[in-house]
Asks: 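This structure is in structure tokens; I'll ask about it shortly.
Each chain gets a letter, A, B and so on, in the order the sequences are listed, and its residues count up from 1.
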Number of protein chains: 2
Amino acid sequence: MSERVVPEGSRQRRRPTKQGAVLSERLIVDTALRLIAQHGAEALSVRRLGAALGADPTALYRYFRNTDALLLAVADEMIGRAQEGWTATGDWRTDLRAMGVRINSCYRNNPQAAVLAAHRTTGRTHETRAVERILGILRTAGFPDDLAVRIYHAFVDQALAFAAQDAAAAALPSAAREKDEEVWHEVYGRLSPDTHPNIAATFPLLAADMSGSGYPFALELMLAAVEALRPAGAGG
Amino acid sequence: MSERVVPEGSRQRRRPTKQGAVLSERLIVDTALRLIAQHGAEALSVRRLGAALGADPTALYRYFRNTDALLLAVADEMIGRAQEGWTATGDWRTDLRAMGVRINSCYRNNPQAAVLAAHRTTGRTHETRAVERILGILRTAGFPDDLAVRIYHAFVDQALAFAAQDAAAAALPSAAREKDEEVWHEVYGRLSPDTHPNIAATFPLLAADMSGSGYPFALELMLAAVEALRPAGAGG
DNA sequence: GGCCACACGTCAATGGCGTTGACATAAGCC
DNA sequence: GGCTTATGTCAACGCCATTGACGTGTGGCC
């Protein structure tokens with residue numbers, strides 16, 4: 001009895017499907033990402049992916065043990081794409097902000113995979129490099145080690161937590177997402193000033209602000225607070 | 001043809017199921033939370049919930065239009081539990097901190113449900129009350145409306161995002177969680193100072209700090225930054 | 001060039017899921 | 001006590017992921 005999944009490296013026989021497609025791990029992952037991007041997160045199912053590939057749905061199980069393994073591969077591909085091209089400017093605030101924004105948008109661009117990946121510590125090269133860089137930014141800016149570590153922790157956790165939060169919102173089935181937005185206008189817009197004076201007084205501002213992510217402002221607040229903690233006389 | 005779902009307020013005929021249970025919105029939500037707490041988030045399905053209630057699964061559709069509506073009710077119940085017994089002290093910083101800590105710990109106590117609930121806007125009573133209270137804290141502290149709204153947004157998103165993040169960690173199967181922590185010590189503890197000087201220099205501090213949640217310090221940073229934004233001359 | 005093992009695409013089937021429409025019956029109003 | 005109808009029940013639909021068996025064409029080997 002042979003194992004169902006053959007590692008991509010030792011794969012030798014490539015046999016076209018009835019519809020002529022030649023499958024590979026790479027092709028499947030790329031197709032899954034395209035499917036998500038084009039038709040939303042809920043469009044990703046084994047059956048639909050099979051159809052998009054021009055193959056029997058169960059052919060996927062020759063490449064991934066289950067859908068979880070497939071999603072992990074998709075997440076890994078996403079991380080690889082996002083890490084490309086970052087360089088330090090030397091200004092700690094600019095660099096930290098860029099890191100935060102990159103992590104956030106990287107996850108938000110692939111919400112389905114992000115939801116799965118955001119809560120895990122991989123210990124792989126891309127991750128360790130990011131840790132090293134952020135710690136470097138803080139220590140070079142003059143923060144003593146114990147403070148640098150605490151700031152690193154808060155910064156990274158916040159970036160990942162917001163990324164997961166925003167990704168989860170983007171990954172909701174479109175019906176649920178629309179309903180969430182509708183709630184803001186229908187429910188919050190009709191609360192009485194008697195019972196909810198603060199909501200009633202600020203409603204237009206509230207509805208406008210809540211449609212976006214809270215991360216950019218939260219990031220600025222954190223940067224400002226960190227600036228205030230920086231030892232006097234430190235360079236940069 | 002009457003509407004399938006009757007609002008809980010105007011419900012008058014309570015008819016026991018074959019197994020003798022008397023259903024209500026309240027009972028269903030509580031049972032759902034118990035089911036999730038005992039058997040994990042994936043144990044929550046219409047069929048299993050029906051079985052746990054001692055009713056036909058489809059009886060739920062007399063109380064909730066679909067599973068999404070049920071989920072929102074569960075989420076709102078968690079928000080309500082987080083606020084139980086809270087009272088304002090009048091000091092905005094104390095009150096905001098208490099709100100944040102309450103949300104965080106409540107969600108972490110019900111990690112499986114939190115993972116499902118933290119990303120949704122329910123528009124239900126517990127949620128609107130929380131929104132009203134937080135806005136009240138900020139406006140009473142003297143923040144102008146537009147700033148109060150932006151701070152509210154950043155604060156709430158931060159609390160929920162960290163709550164979901166911490167809950168997800170707590171909800172991992174124990175084997176996977178131990179493996180994640182082990183990876184932290186094994187991988188990060190053995191990185192060479194040549195390739196990862198900043199990690200190597202701070203590793204003991206790092207390993208100690210990363211074992212807890214980043215939220216408390218992130219919350220303090222946000223409060224400090226907000227304090228700096230408060231208009232001069234405001235009371236409190 | 002021909003043979004053979006078996007990898008891999010395919011098919012059928014299983015058991016789960018949410019949801020709907022039709023039905024029966026008891027609750028509560030008059 | 002009769003009527004209306006809310007509410008619990010049932011059967012069925014069309015999805016879903018996953019598995020085991022099957023046969024065909026590929027690539028290695030001589």
Asks: Could you run down nucleotides 13-18 of chain C 5' to 3' and tag each one B, S or - for protein heavy-atom contact under 4.0 Å?
Replies: ----BB
Asks: With B:Tyr215, which residues qualify under ring-ring contact (aromatic ring centres under 6.0 Å, His included), at least two apart?
Replies: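 Counting only residues at least two positions away or on another chain, B:Tyr215 forms a ring-ring contact (aromatic ring centres under 6.0 Å, His included) with B:Phe162.
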Asks: Once salt bridge (Lys or Arg N to Asp or Glu O under 4.0 Å) is applied, do any residues pair with A:Asp180, and if so which ones, sequence neighbours excluded?
Replies: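 Testing A:Asp180 for salt bridge (Lys or Arg N to Asp or Glu O under 4.0 Å), a comparison that skips the adjacent residues, returns B:Arg120.
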Asks: Keeping to residues at least two apart or across chains, list the side-chain hydrogen bond (donor to acceptor under 3.5 Å, both in side chains) pairs with something in residues 37-60 of chain A.
Replies: A:Asp56-A:Thr58
Asks: Rounded to the nearest angstrom, tell me the gap between atom CG in B:Asp56 and atom C1' in C:dC23.
Replies: 13 Å
Asks: Sequence neighbours left out, what passes side chain to side chain contact (heavy atoms under 4.5 Å, CB included) with B:Ser10? Give chain and number order.
Replies: B:Val6, B:Pro7
Asks: So which pairs with a foot in residues 15-32 of chain A pass salt bridge (charged side-chain N to carboxylate O under 4.0 Å, His left out), sequence neighbours left out?
Replies: A:Arg26-A:Asp30, A:Arg26-A:Glu77, A:Asp30-A:Arg81
Asks: Can you name the atoms? Protein N/O to nucleotides 26-29 of chain D N/O, anything below 3.5 Å, with the distance.
Replies:
residue : atom : partner : partner atom : Å
D:dT26  : O2   : A:Arg13 : NH1          : 3.3

Asks: The criterion is salt bridge (Lys or Arg N to Asp or Glu O under 4.0 Å); which residues satisfy it with A:Glu182, sequence neighbours excluded?
Replies: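 Partners of A:Glu182 under the salt bridge (Lys or Arg N to Asp or Glu O under 4.0 Å) test: none.
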Asks: With a 3.5 Å cut-off and sequence neighbours excluded, list the donor-acceptor pairs that the side chains of residues 66-75 of chain A form with protein atoms.
Replies:
residue : atom : partner : partner atom : Å
A:Asn66 : OD1  : A:Asp68 : N            : 3.2
A:Asn66 : OD1  : A:Ala69 : N            : 3.0

Asks: OP1 or OP2 of D:dT24 less than 4.0 angstrom from a side-chain nitrogen or oxygen of A:Lys18, does that happen here?
Replies: no
Asks: Using a 6.0 Å cut-off, check whether atom CZ of B:Arg14 has over 12 heavy atoms from anything other than its own residue.
Replies: yes
